[in-house]
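Written below as structure tokens is the structure these notes are about.
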Amino acid sequence: MSPIELNKRQEEILRIVKGNGPITGEQIAERLHLTRATLRPDLAILTMAGFLDARPRVGYFYSGKKPGHDVTDTMNNMKVKDFQSIPVVVRENVSVYDAISQMFLDDVGTLFVVDKNSMLTGVLSRKDLLRTSLGSQDLTAIPVHIIMTRMPNITYCSKADSLIQVANRLINQQIDALPVVEELANGLKVVGRITKTNITRAFLSLSESHEL
Ligand code: ADP
């Protein structure tokens with residue numbers, strides 16, 4: 001069993017839940033003047049490590065138990081939904097020039113391409129766009145669907161997958177990001193983005209909650 005060292009924010013969350021539980025994530029965030037999204041990784045760690053219990057539609061409450069999970073359990077319980085980022089998508093007919101601008105504007109390394117129904121059709125990486133820029137073609141005249149990696153060759157994941165599964169796919173396929181999707185009757189709806197940065201952040205939060 002690992003001794004657990006909490007960071008300052010996690011200590012504060014525990015104090016709030018002990019005094020006010022059951023309390024929703026939203027209410028905890030309000031008290032700390034933070035957004036719910038910012039707190040999500042901390043709440044996930046506290047729940048996984050056994051400090052807090054969470055009940056749907058009720059909120060978080062202090063479990064009173066001594067945390068008994070080791071690092072492996074904690075890692076297996078780290079889910080995509082708690083660590084994912086907002087996806088940045090472009091339509092298939094957008095030009096390579098505009099896709100490059102979008103990448104800079106949103107400060108991301110991977111864009112997802114969607115059709116008119118917002119269903120996933122492709123992926124654009126930095127090097128896909130760089131490769132095209134090497135030619136002497138007019139980048140405003142090339143639509144991204146010509147150069148993107150397309151379905152069915154896209155590796156993706158769902159919110160319920162574990163970060164370990166995602167890390168495996170990123171390493172095995174030698175890619176930087178996966179779209180998080182919901183499988184609908186008419187295709188895959190893009191609901192998130194998970195990248196090597198999210199995995200690194202999760203790795204850091206592990207070191208904050210376990211004395212490694
Ligand atoms: P870069 O090309 O900038 O190094 P990646 O390693 O992520 O970035 O991409 C390598 C190649 O794999 C690119 O051609 C890209 O289109 C493709 N790719 C990126 N992400 C995925 C994914 N989730 N599924 C399938 N192919 C992908």
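Order of listing sets the numbers, starting from 1, for every ligand and every atom in it. The chain is numbered in sequence order, starting from 1. Bear in mind the structure is a predicted one, so any value in this text is a computation, not a measurement.
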Backbone of V80 reached by a side-chain donor or acceptor of D161 within 3.5 Å: no

Hey, could you give me the CD1/OH distance between I23 and Y60, rounded to the nearest 0.5 Å? 11.0 Å

Using a strict cut-off of under 4.0 Å between a residue heavy atom and any atom of ligand 1, list the qualifying protein residues by chain and number. V123, S125, R126, K127, D128, T149, N153, I154, T155, Q174, I175, D176, A177, L178, P179

With a 4.5 Å cut-off on side-chain heavy-atom distances among I, L, V, M, F, W and Y, is there a chain of contacts connecting V113 to V96? yes

Short side-chain to backbone donor-acceptor contact, R193 and I86, under 3.5 Å: yes

Can you confirm whether more than 12 heavy atoms, excluding those of K189, are under 6.0 Å from its NZ atom? no

For the residue pair D128 / S125, report whether a side-chain donor-acceptor contact shorter than 3.5 Å exists. yes

